[in-house]
Amino acid sequence: MCRRHSRAEEEGDPHAKYLKEITATCTKHAEQVLKTLEAGKAPVVLGGDHSVAAGTVAGVAEFYRRQNQKIGLIWIDAHADINTPDSSPSGNVHGMPLAAIMGLVPELANIFNFSPKVNPENCVLVGVRDIDATEKENIRKAGIEVFTMRDIDERGMRTIIEEALRMAGRGTAGYHVSLDMDWVDPEDAPGVGTPVRGGATYREAHLAMEIIADHGRMTSFEIVEVNPVIDEHNRTADLAVELTLSAFGKKIL
């Protein structure tokens, strides 16, 4: 007689749903990213939710670790994604990938058997504006650099991105850029799972990518959270493609 599993059994730990499956998937993904870099190509990762980043960064960091080098990380997102199973209000792992990269989620942190994947002084959060109360303590605990949307409002996109790139680039071979489309304001990117008002404008987003391209030290690129089911006339997907092209050097003139 075949026993059917309940939804709760499939999810596993309610504080870290599907963590076993996500870790297995991210491990395979990390190996593919590593092979891409070994072939002399720059990985471009198109993710569903941001949990894929745990695998992406593991693969990039491992490639450079084998050359006795470190990488930086530019995490561009409305959210900090630095919850742990102990602090997460939802138990969704897509709110934990940065914590895993920093070594705060052991099961997901040990791909290729080293942690953290990026040193805190080379990890920079850009554009956050929706942070859980418990995440604030995790940010302080991790010691990473943070620029909120207020920083961008007060000081301008160019200044913030230039500073973020300097921080991520200090003593590193370059930096991985992980871009969540919910960083962009919902007016321009409606097709995301967790939209938050007050994000980057269309032109601010392009400017950030163009500055990254100008510096020429991006090792790899990742863009996540395009949901075609809730997108409007493919606007978010089209913008995601445009921003990717800008990050790789496409210019107006």
- request: Check the pair Ile76, Met209 against side-chain contact (heavy atoms from CB on, under 4.5 Å), reporting the backbone distance first and the verdict last.
  value: CA-CA 11 Å; Ile76 306 175; Met209 297 302 105; 3.7 Å; yes
Using a 3.5 Å distance criterion without hydrogens, assess whether the side chain of [X] forms a donor-acceptor pair with backbone atoms of [Y].
X	Y	result
Ser87	Asn83	no
Glu225	Gly193	yes
Asp185	Thr201	no
Asn119	Glu121	no
Lys117	Ala109	yes
Arg155	Arg150	no
Thr172	Gly169	yes
Thr148	Val128	no
Lys20	Lys17	no

- request: For the pair Phe221 and Phe248, name the ring-plane relationship: parallel under 30°, tilted 30 to 60°, perpendicular over 60°.
  value: perpendicular
Is there a donor in the side chain of [X] and an acceptor in the side chain of [Y], or the other way round, less than 3.5 Å apart?
X	Y	answer
Thr56	His29	yes
Asp180	His79	no
Asn110	Ser115	no

- request: With side-chain hydrogen bond (donor to acceptor under 3.5 Å, both in side chains) as the test, would you mind laying out the steps for Thr84 and Asp86 before giving the verdict?
  value: CA-CA 5 Å; Thr84 66; Asp86 290 335; 4.8 Å; no
salt_bridge([X], [Y]) N-O dist < 4.0 Å:
X	Y	answer
Glu162	Arg158	yes
Lys28	Glu31	no
Glu62	Arg65	yes
Asp188	Arg203	no

- request: Would you sort out whether Arg170 and Asn122 count as a side-chain contact (heavy atoms from CB on, under 4.5 Å), showing the intermediate values?
  value: CA-CA 7 Å; Arg170 288 181 303 218; Asn122 297 128; 4.0 Å; yes
Specify the closest pair of heavy atoms between [X] and [Y], including all atoms of both residues, with the distance to one decimal.
X	Y	result
Thr236	Met181	O-CE, 3.8 Å
Asp238	His233	OD2-O, 4.4 Å
Pro195	Pro186	CB-CG, 3.8 Å
Ile111	Gly55	CD1-CA, 4.4 Å
Ala54	Ile101	CA-CG1, 4.3 Å
Ser88	Met96	CB-CE, 3.7 Å

field: Shared hydrophobic cluster for Met157 and Leu239 (ILVMFWY, side-chain gaps under 4.5 Å)
entry: yes
